[in-house]
J.: 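Please see the structure below; I have some questions.
All heavy atoms count here, side chains included; hydrogens, waters and symmetry mates do not.
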Amino acid sequence: MKEMNNTKSCEVRCTKCRNWFSSQLLQFEDEESFLHSIMYKNRESCPYCNAVITYDKEIMRFVEKDSTGKVVKETRYLYDF
């Protein structure tokens with residue numbers, strides 16, 4: 001059985017177009033460090049609609065994706081809006 005190489009990243013959900021994108025500012029080693037971190041008013045441009053998003057962990061997620069890009073594990077801090 002061949003083991004797939006999964007990738008992990010921290011993503012932000014755009015409050016305008018609602019697409020998820022990989023954060024260029026913040027990345028974490030694992031879901032525990034994501035859950036225990038403190039973040040406040042980060043700003044980043046959405047690569048889909050170019051809106052400048054100000055965000056905290058409430059609109060972020062830590063994901064693990066398989067080699068095809070499919071999300072196989074997702075960790076969120078609070079809730080989906």
Side-chain angles (χ1 to χ4, degrees):
M1 184 173 179
K2 184 179 177 185
E3 184 178 307
M4 294 186 170
N5 291 328
N6 292 351
T7 59
K8 297 176 182 181
S9 68
C10 190
E11 296 183 340
V12 178
R13 191 167 199 184
C14 178
T15 54
K16 185 175 178 185
C17 72
R18 298 183 58 84
N19 285 309
W20 289 102
F21 62 92
S22 182
S23 173
Q24 300 301 306
L25 299 175
L26 301 166
Q27 289 299 321
F28 299 93
E29 185 71 28
D30 54 33
E31 61 190 270
E32 286 299 314
S33 59
F34 168 70
L35 288 172
H36 296 302
S37 66
I38 297 172
M39 291 178 271
Y40 182 72
K41 303 296 181 201
N42 297 291
R43 293 175 58 96
E44 201 163 345
S45 294
C46 173
Y48 298 101
C49 71
N50 295 318
V52 176
I53 307 304
T54 301
Y55 61 91
D56 300 328
K57 284 198 305 191
E58 286 78 6
I59 60 170
M60 295 179 75
R61 67 181 181 176
F62 183 81
V63 293
E64 186 173 339
K65 295 180 180 180
D66 66 17
S67 60
T68 66
K70 179 182 176 189
V71 174
V72 294
K73 186 173 183 182
E74 175 183 84
T75 303
R76 293 203 195 170
Y77 179 64
L78 286 177
Y79 59 88
D80 190 16
F81 65 94

J.: Measuring only between side-chain heavy atoms, which start at C-beta, is Val71 closer than 4.5 Å to Arg61?
T.: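 Counting from C-beta outward, Val71 and Arg61 do come under 4.5 Å.
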J.: Looking at every non-hydrogen atom in both residues, tell me the closest pair between Ser45 and Val52 and how far apart they are.
T.: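 Closest heavy-atom pair between Ser45 and Val52: OG-CG2, 3.8 Å.
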J.: To the nearest 0.5 Å, how far apart are CZ in Phe62 and NZ in Lys57?
T.: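 It is 12.5 Å, given to the nearest 0.5 Å.
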J.: Just how far is it from atom OG1 of Thr7 to atom CD of Glu64, taken to the nearest 0.5 Å?
T.: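 Output value for this atom pair is 8.0 Å.
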J.: Going through the checks in order, is the side-chain contact (heavy atoms from CB on, under 4.5 Å) test met by Cys14 and Ile53?
T.: CA-CA 6 Å; Cys14 178; Ile53 307 304; 3.5 Å; yes
J.: Check Asp56 against Lys41 and note the closest heavy-atom contact, atom names and distance.
T.: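 Minimum heavy-atom separation between Asp56 and Lys41: OD1-N, 2.6 Å.
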J.: Testing the basics here: between Ile59 and Thr54, what is the closest heavy-atom pair and its distance to 0.1 Å?
T.: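 Smallest interatomic distance, heavy atoms only, reads CD1-O, 4.4 Å.
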J.: Closest heavy-atom contact between Arg13 and Arg18?
T.: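 Arg13 and Arg18 have their closest heavy atoms at NE-O, 2.9 Å.
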J.: If I compare all heavy atoms of Pro47 with all of Phe21, which pair ends up nearest, and what's the gap?
T.: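 Nearest pair, atom of Pro47 first, then Phe21: CD-CG, 3.4 Å.
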J.: Of the non-hydrogen atoms in Tyr55 and Ser23, which two are nearest, and what is the gap between them?
T.: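 Result for this residue pair: OH-OG, 3.3 Å.
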J.: Count I, L, V, M, F, W, Y as connected when their side-chain heavy atoms are under 4.5 Å apart, and connections chain through other members. Are Val63 and Val12 then in the same cluster?
T.: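 In one cluster: no.
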J.: Is there a path of hydrophobic side-chain contacts, each under 4.5 Å between heavy atoms of I/L/V/M/F/W/Y residues, joining Met60 to Tyr48?
T.: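 Looking at the clustering, Met60 is in the same group as Tyr48.
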J.: State whether the side chain of Glu44 and the backbone N or O of Gln24 hold a donor-acceptor pair below 3.5 Å, judged by distance alone.
T.: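 Here the side-chain-to-backbone pair exists.
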